[in-house]
Amino acid sequence: IVSIGTDTINSIRSPASANSLVGLRPTIGSVSRAGIIPYSLTQDTAGPITRTVEDAAKTLNVIVGYDRADAVTGLAKDLNIDYTQSLKADGLKGKRIGVLNSFFGTAEQHQSTNKVVRNSVAQMKQAGAEIIELETPINADALVKNTSVHLYDLQDDLSRYLKVNPSQKPVGDLKALIASGQFDVGIKSNIEMAATLSKDSAEYKKRLEARKQLQLDVQKMMTEQKLDALVFPHQKRL
C-alpha cells in the first residue's frame, strides 16, 4: 500500500509519525509538484507514506525525476538512482547518529513519545551505530515561527495557480476565495493572515536568510561531529 503526501511544513511526516508509518519528505526539486495545489512553492514537495522503508524506496524510484511541468525538477534531470540499493541489513554499522536532545519534550505528556524514540535509538546502537548525544539548544517551535515562509508565499502562489487553472476554483485569487466563504473554517485565520502578507517585504527576505543560516548551522554541526544522520522526535506527543 502506497500513499503520496504533500508536505509544506510537516504534512508527510506528521501523519506518518502519528500512525507508525514511514514518511519521507524528498528534497525540493527531486519530485514534481505538477498538479499539486500550491501552499508555498518555497516549501512544497511531495513524497511517499508507506508501511515499510522498502516500499518508500521503491516509490521514490518511480516518482523522482525531471518533469517539464515543474521547472524546479531540472535539478533532478540527471538523477538516476535505485534507492533500493541502499537497503542493507547492516547499513547502520559504523554510522555516527546524532540525537538532538533539545527536540525531546520534558513534560509528562511527552514521555510516551520519548520512550518510543529512545527505544529506536537503542535499536540503532544494537545494529552497530555510534550514538552521539547532542545538547545543541535548538528550539523546534522557534524554527517554524522564524523561518517558515508559507504564509508569505500563499497569496502569490495560490492566486497564480487559480488563474492558470480556473476549472479548479473559478474564484480568481486568494482574496476572492476568502470573500466567497468556500473554505474550511479551520484555515480561516491562516488564509486571512496570508492575504495581508507579501513576498515583497523585508520580513519575507529576513526569513529566507534565516532559512539559509539554519541550513549552514545544521551542516556545520554535522560536519564537526562527523555525523551521518540526526535523530529526534518529529512530534513531541501523539
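Residue indices begin at 1 and follow the sequence shown.
When every heavy atom of Tyr83 is checked against every heavy atom of Asn61, the shortest pair comes out as N-OD1, 2.8 Å. The two residues Pro26 and Gly47 have their closest heavy-atom pair at CD-CA, 3.6 Å. The heavy-atom pair separating Ser198 from Tyr152 by the smallest distance is O-CD2, 3.5 Å. Contact between Ile36 and Ser32 at its shortest, heavy atoms only, is CD1-O, 4.5 Å. Between Leu174 and Ala194, the shortest heavy-atom contact is CD2-CB, 4.1 Å. When every heavy atom of Ala107 is checked against every heavy atom of Gln111, the shortest pair comes out as O-NE2, 2.8 Å.
Clustering ILVMFWY residues whenever any of their side-chain heavy atoms sit less than 4.5 angstrom apart, transitively, puts Leu24 in the very cluster that holds Val31. Residues Tyr66 and Ile63 do not share a hydrophobic cluster, clusters being chains of Ile/Leu/Val/Met/Phe/Trp/Tyr side chains in contact below 4.5 Å. At a threshold of 4.5 Å between side-chain heavy atoms, the hydrophobic network of Ile, Leu, Val, Met, Phe, Trp and Tyr places Phe232 and Leu134 in one connected group.
For residues 17-37, the set of pairs meeting the salt bridge (charged side-chain N to carboxylate O under 4.0 Å, His left out) definition, not counting sequence neighbours, comprises Asp7-Arg25, Arg33-Asp70.
The aromatic rings of Tyr39 and His150 lie perpendicular to each other, with more than 60° between the two planes, well past the 30° mark.
Taking the side chain as every heavy atom from C-beta outward, Lys236 and Thr113 never approach each other to under 4.5 Å. Considering only heavy atoms from C-beta on, Lys175 comes within 4.5 Å of Gln155 through its side chain. Using a 4.5 Å cut-off on side-chain heavy atoms (C-beta onward), Asn190 and Lys188 make no contact.
Distance check, rounded to the nearest 0.5 Å: CG of Leu143 to CD1 of Ile9 gives 12.0 Å. Taken to the nearest 0.5 Å, the CG atom of Leu197 stands 12.0 Å off from the CD atom of Glu192. To the nearest 0.5 Å, atom CG of residue Asp153 and atom OG of residue Ser148 are 8.5 Å apart.
Between the side chain of Ser17 and the main chain of Ser14, no donor-acceptor pair closer than 3.5 Å is present. Looking only at distances, no side-chain donor or acceptor of Asn19 sits under 3.5 Å from a matching main-chain atom of Leu21.
Remark: Leu216 CG is packed, more than 12 non-hydrogen atoms of other residues, nucleotides or ligands lying under 6.0 Å away.
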Please list every donor-acceptor pair under 3.5 Å in which a side-chain atom of residues 87-98 meets a protein atom from a residue at least two apart or in another chain.
| from | atom 1 | to | atom 2 | distance (Å) |
| --- | --- | --- | --- | --- |
| Arg96 | NE | Gln225 | O | 2.9 |
| Arg96 | NE | Lys226 | O | 3.1 |
| Arg96 | NH1 | Glu130 | OE1 | 3.3 |
| Arg96 | NH1 | Glu130 | OE2 | 3.2 |
| Arg96 | NH2 | Gln225 | O | 2.8 |

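Looking at Gln213 and Asp217, their side chains do bring a donor and an acceptor atom within 3.5 Å of each other. A side-chain donor from one of Thr84 and Asp82 sits under 3.5 Å from a side-chain acceptor of the other.
Between Asp157 and Arg160, at least one side-chain nitrogen of the basic residue sits less than 4.0 Å from a carboxylate oxygen of the acidic one, meeting the salt-bridge criterion.
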